[in-house]
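Here is the naming used below: chain letters follow the sequence lines, and residue numbers restart at 1 for every chain.
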Number of protein chains: 2
Amino acid sequence: MRDPLPDFPGYSLRRAANATSAELSARLGTLDLRQVDASAMMLIESNPGVTGSALARQLDIQRANMVPLLKRLEDAGLIDRAPIDGKSQGLELTTTGRERVTAARHTIETFEHELLARVPEEHRAHLLPALNALWQ
Amino acid sequence: MRDPLPDFPGYSLRRAANATSAELSARLGTLDLRQVDASAMMLIESNPGVTGSALARQLDIQRANMVPLLKRLEDAGLIDRAPIDGKSQGLELTTTGRERVTAARHTIETFEHELLARVPEEHRAHLLPALNALWQ
DNA sequence: TATTGTTATACTCTATAACTATA
DNA sequence: TATAGTTATAGAGTATAACAATA
């Protein structure tokens, strides 16, 4: 079939994101994590005591949608919450959470390595900076 | 906030796709089109008489989800269906559909041009081939 | 006055299973 | 036996509005 769509960067971006996202989700699923769980946990790991609101802003997630996300992580014993003041609560990884995020990072790094291997060498180093220029 | 996530190509890919997709959707919305509508119409334009099933395969959309999509396009007077045999039907753009897809392509090309302008010149030419290597 | 955490809700997108009719 | 079109439905993911309590 004639297909003019892959010539559009926007289309290719969406297709590439969908394809790789589905694959990564399947792998993180073996750790009982979603992609957003792993992202949130890595941010908490790098910023212990961060609030849910700050996390939401950094991940570009609605504050309201953080509630079930954090509840899931807490119920799974992966994070703890401690009051900062009367209205804010700081988030930290539990011991289990630290182990899980380490496993997740390993899964992700393996995945990204395979991902980049698909890209011809001449283009490889340009992918990340080009992508980050699009949204950062 | 310390944020290790933009160093992961998979994360940057998803963030870039989300950000650009939201922007493009808003622009296509002024033409009463969704992204997938524009994609489907461009494929029909390039392959007049194509079936809905073939379209679904090319776009990686479930056959079942093509039904409301095509109904929407037909109700809007953008496509016509003509029986090929007893079970298949060929899709074609109407006159209105051809005008609309031309407008959509203009919108998309303008958008992509702005998109690529955000990417530093040294990386620009590498984006599309790198992306296409990830899913094609 | 702005922000945090929360509840409730609706909407879009997508996936699955099943069915009929036809190739 | 495989494919086309379809129906119905369920599950994610996300967006909006509103609220009480606190900074």
d(CD, A:Gln62; P, C:dG5) in whole Å: 15 Å
Could you state the atom-to-atom distance from CG of B:Asn65 to C1' of C:dA17 in whole Å? 13 Å
Side chain of B:Ser53 (C-beta onward), nearest among C:dT6, C:dT4, D:dA4: D:dA4
From C:dG5, D:dA17, C:dT22, pick the nucleotide closest to the side chain of B:Lys87? C:dT22
What is the distance, to the nearest angstrom, from the CZ atom on B:Arg63 to the P atom on C:dT20? 15 Å
Which listed nucleotide (C:dT7, D:dA12, D:dT6) is nearest to the side chain of A:Ala64? C:dT7
Could you check whether any side-chain N or O of A:Arg118 sits under 3.5 Å from a backbone N or O of B:Leu134, counting only pairs where one atom can act as donor and the other as acceptor? yes
Interatomic distance, A:Ile61 CD1 vs C:dG5 P [rounded to whole Å]: 14 Å
Could you tell me whether the phosphate oxygens of C:dT4, OP1 or OP2, come under 4.0 Å of any side-chain nitrogen or oxygen in A:Arg57? yes
A:Arg34 or A:Gly86: which one's nearest nucleotide on DNA chain D is closer to the 5' end? A:Arg34
A:Met66 CE to C:dT7 P, in whole Å, measures 14 Å
Side-chain N or O of B:Arg81 versus OP1/OP2 of D:dT6: is the shortest distance under 4.0 Å? yes
In whole angstrom, what separates B:Leu70's CG from D:dG5's P? 8 Å
Between C:dA15 (P) and B:Asp60 (CG): distance, integer Å: 7 Å
Tell me whether B:Asn65 contacts the main-chain N or O of B:Ile61 through its side chain, where contact means a donor paired with an acceptor under 3.5 Å. no
Side chain of B:Asp85: nearest nucleotide among D:dT14, C:dA23, C:dT7? C:dA23
Using heavy-atom distances to pick each residue's nearest nucleotide on DNA chain C, tell me which of A:Gly52 and A:Asn18 is more 5'. A:Gly52
Check whether any side-chain nitrogen or oxygen of B:Gln35 sits under 4.0 Å from OP1 or OP2 of C:dT12, and answer yes or no. no
Can you tell me if B:Gln35 uses its side chain to pair, donor with acceptor, with the backbone of B:Leu24 under 3.5 Å? no
Grab the CG-P distance between A:Leu28 and D:dA12 for me, whole Å please. 16 Å
So which nucleotide from C:dA15, C:dG5, C:dA23 ends up closest to the side chain of A:Ser88? C:dG5
Mapping A:Val67 and A:Arg14 onto DNA chain C by nearest heavy atom, which one lands closer to the 5' end? A:Val67
Spell out, as yes or no, whether a donor-acceptor pair under 3.5 Å connects the side chain of A:Ser25 to the backbone of A:Ser21. yes
Would you mind reporting whether A:Leu43 and B:Met1 have side-chain heavy atoms less than 4.5 Å apart? yes
